[in-house]
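Here's the structure, in C-alpha cells; my notes come after.
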Amino acid sequence: MNTDISLDSNATTTVLPTVVNAVVRALTEVYGNPSSAHSIGLRARTLLTAVRTRARRVVGAGAGKLVFNSGATEGIQTAVLSALCSIKEQRERGLPAGSLLLYGATEHKAVPESLTHWNRVLGLNLDIRTIPVNIDGRHDLETLRRLTPDAALVCTMAANNETGVISDIEGIGAILEGSNALWLVDCVQALGKLPLNLASTRIDYAPFSGHKLYAPKGIGMLYVRSGAPYTPLMIGGGQENGERSGTENMSGIAALGEVLAELENGTVFRDHTALEKLRGLLIDTLSTSFPGIVFNTPLDKSLPTTLNVAVPGLSSADLVDALDAAGVCVSAGSACSAAKALPSYVLQAMGLPEWRTTNALRISFGPATDEATIVEACRRIRHCGEALRRAGMLAGAPESPLNGVVQVAAGKVNSWLLLDAEQGMAVIIDSRPETRERIATILLRHRYEHVIELSTKDAVTWPYSDDRITVGGSRLRRIVIGAQGVCYVLETADGQPRLAFTGELGRAELASVLPSNTILCGGESEATYSTVKVQQASDVDRSHDIHLDRCGLQVLLREQPSTALVDVREAFEHFASAHTDFMEFTVNVPVTQLANALPAWLADTDRTPIVFVCRSGNRSERAARHLRKLGYEQAFHLSGGIALTPPVPLTGS
Ligand code: PLP
C-alpha cells in the first residue's frame with residue numbers, strides 16, 4: 001500500500017477528523033450568514049462569537065482585537081499596511097516617526113515582500129533593512145539595539161518555518177521597550193507549539209494561519225494590540241466590525257474553533273516533552289541512516305517539531321526524491337529549480353557553509369503526530385538510507401555500481417559517460433562547463449579512477465594508436481569525419497554499431513560512415529536520440545496517444561499481458577520504493593541510462609508495448625517520446641506518474 005507519511009507539517013497539515021466534522025456542521029447546519037438577522041444567521045453569529053472568544057483566550061489577546069481573515073499572508077499585509085499608514089500620518093502631521101523598516105533576515109518572504117510593496121504603494125521611501133541573525137538563527141540583538149532608535153516598524157517571527165529556531169521574543173521586546181517602533185511578530189509556527197500570552201507583551205501585530213495547525217487552507221487570524229494603529233485591507237460590507245469586510249469564511253472559522261478547542265482540551269496535541277521524544281527518534285534514525293549528517297538548527301533553541309539537516313555529498317533534491325519514493329514526504333530546506341537546488345536564504349543568513357545551505361532538508365511534524373507514525377517514518381527513513389547506500393549515493397562502496405552508458409544533461413546540452421565498473425574505467429564524451437560538476441560527483445561516488453576525456457570536436461583527445469578500444473565488454477571506435485569532428489561508435493563484439501556519440505555533427509556527415517539505423521546519442525537535448533535515417537513526421541508527432549491514465553494502463557495490461565512496465569526513476573528511488581510500490585516493474589532503466597536498453601528494444605520487431613513510469617510523469621514522458629522518435633510506436637507513459645495513481649495493485653509482464 002502506498003500510504004505516504006507527511007513530515008512536511010510546516011508547509012501544511014492534514015485536517016483533523018474532528019475538524020472535518022466541524023466543517024461539515026458549518027456547511028450543513030450552521031450555514032447562515034452571520035450578518036443576517038434571522039435565526040439561521042443568529043446561529044452562525046453565535047458560532048463566530050464563540051470561536052473568537054476561544055481564540056482570544058488561546059492567544060491571550062486581552063483587550064486587543066482578533067480579526068478573522070484568509071491566513072498569515074493577509075495578516076502580514078494588514079499589519080504592514082496598518083503600520084505604514086500610521087507612519088505616513090505621523091509624518092504628515094509633523095510628528096516624529098522612525099525612518100527604518102526592520103525585518104529579520106530569516107523571515108518568511110511574505111514579510112519583506114509586503115514591506116517593499118506597501119512602502120512603494122504609499123510612496124513612503126522608508127529605508128528597509130534586515131536584522132541579521134547569528135549562527136544559531138536568532139536575531140542579532142546588538143544590531144537591533146543600534147537600529148531601534150530610528151526604527152518605525154520591526155518585523156520578527158516567533159519561530160522559523162525552515163529551521164524551527166525560536167526567537168528570543170523577550171530579548172527583542174526588552175530592546176523595543178520605550179521605543180515608538182511598531183512590532184509585528186509572525187506567530188504562524190508558534191501556535192500549538194509555544195505558549196502565547198500576547199497582551200502581556202509589547203507585540204502590536206501577530207498573524208496566524210489555520211492550515212499550519214490542522215485547519216483547512218484559507219482561514220487565519222490577526223491579533224492587534226489594543227491601541228495599535230489599524231487600517232483595514234478589505235473594505236465593503238463592514239464584516240468583522242468593519243475591520244475585514246467580506247462574508248466570513250464560516251466553515252474555516254468553525255474549523256479553527258475546533259482546533260483551538262483541542263488546544264484548550266489538551267487531549268490531541270502533545271506537550272513539549274512528548275514532542276521532543278518523537279524528535280529524538282527521528283534524530284537517532286537520521287544519524288544512523290545518513291553518515292556524516294549535520295543538524296542545521298541548534299536543537300536546544302528550536303521547536304521540537306522541526307529538524308533541518310544536511311547530508312554531505314547528497315543534494316536536497318535527491319534526498320527529497322529518495323524519501324518520497326520510500327513514502328516519506330519532506331521538503332528541501334532550500335528552493336529547488338529543475339537542475340539545481342538554490343541555497344536556502346535562511347541558512348545563508350545564519351552563515352552556514354554553502355554545502356549545508358544547498359543540501360538542506362526540512363523535516364517537520366505537527367503537535368498531533370502520534371508515536372506510531374514517527375516509528376513507521378523512521379523505518380522508511382532507514383530503508384531509504386539503505387537504498388541510497390546500495391546505489392552509491394552515500395559514503396562507502398556502492399553495492400550496485402553505475403555501469404554502461406549514462407547521459408548527463410544540463411539545460412540544453414548533453415555529455416555522455418561510458419562506464420566500465422569492472423575495470424574502474426570511465427570515458428567522458430564532451431564534458432561541458434554545465435555538466436562538469438555532476439560528472440565529477442558521479443565518478444567520485446562510483447570510484448572511477450581511470451578516466452579518459454574525449455571530444456566530438458577534436459580528434460586529438462583520442463589517446464590510442466588503434467581506432468578501437470574495449471570498454472565494458474563493448475568496443476568503442478573512433479571515426480574521424482574530415483574537419484567536422486569525430487564520432488565515437490559503441491560496437492558489439494562482432495563490429496555491429498549499437499550507439500554512436502555524435503555531439504553536434506549533422507546527419508549528412510554521419511550518413512556516409514554509419515548504417516542508417518544506428519542510434520545517435522547527440523550533444524544537444526533537442527536531439528538526444530535520433531538515427532541517420534530522416535524520421536517520418538508520423539513517427540515523431542503521434543504524441544496524442546502517448547499518455548496513459550491508470551484505466552488506460554489497466555486495459556493495455558489486460559489486452560497485452562506482455563507489456564513491459566519500465567521504471568525510469570533513478571536506481572536509488574527504485575530501491576527506496578521497493579516496499580511501497582504497488583506496481584510490479586519489469587525492469588528499472590533510469591531515464592539517464594536509457595541508451596543501454598534502446599538497441600534491444602528497437603530490435604523487437606513485434607513492438608511489444610512499453611510503458612514508462614516515474615514519480616510525476618515528466619521523466620516517463622521524456623522516455624516515451626525518445627522511443628517514439630526512434631520509430632517505436634508502442635511506447636507510452638503513465639501520465640501523472642505514481643504520485644497520481646491510487647494505490648491499487650497493477651501487474652505487468
Ligand atoms: N509565515 C510563516 C512563518 C509561514 O510558515 C507561512 C507559511 O508558509 C506564512 C507566513 C504564510 O502563511 P499563509 O499560507 O497562511 O499565507
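Below, all heavy atoms of this structure are taken into account, side chains as well, without hydrogens, waters or symmetry copies. Just follow the structure's listing: the first ligand is 1, and inside any ligand the first atom is 1.
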Exercise for the section: Taking all heavy atoms of G98 and all of L126, pick out the closest pair and write down the distance. Expected result: O-CD2, 3.8 Å

Exercise for the section: Quick one, list the residues around ligand 1 where some non-hydrogen atom comes in under 4.0 Å, by chain and residue number. Expected result: G71, A72, T73, H108, M157, N161, D186, V188, Q189, S209, H211, K212

Show every donor-acceptor pair shorter than 3.5 Å between a side-chain atom in residues 81-88 and any protein atom, with sequence neighbours excluded, or say none if there are none.
residue: S82; atom: OG; partner: T78; partner atom: O; Å: 2.7
residue: S82; atom: OG; partner: T231; partner atom: N; Å: 2.9
residue: S82; atom: OG; partner: T231; partner atom: O; Å: 3.4

Completion exercise
Applied to residues 14-31, the side-chain hydrogen bond (donor to acceptor under 3.5 Å, both in side chains) test, sequence neighbours excluded, yields T18-E262, R25-E29

Problem - Backbone of N161 reached by a side-chain donor or acceptor of N10 within 3.5 Å - result: yes

Show me, pair by pair, the donor-acceptor contacts under 3.5 angstrom made by side chains of residues 216-228, not counting sequence neighbours?
residue: K217; atom: NZ; partner: T12; partner atom: OG1; Å: 3.1
residue: R225; atom: NE; partner: D204; partner atom: OD1; Å: 2.8
residue: R225; atom: NH2; partner: D204; partner atom: OD1; Å: 2.6

Exercise for the section: Ignoring hydrogens and angles, state whether a donor on the side chain of D370 or T373 is under 3.5 Å from an acceptor on the partner side chain. Expected result: yes

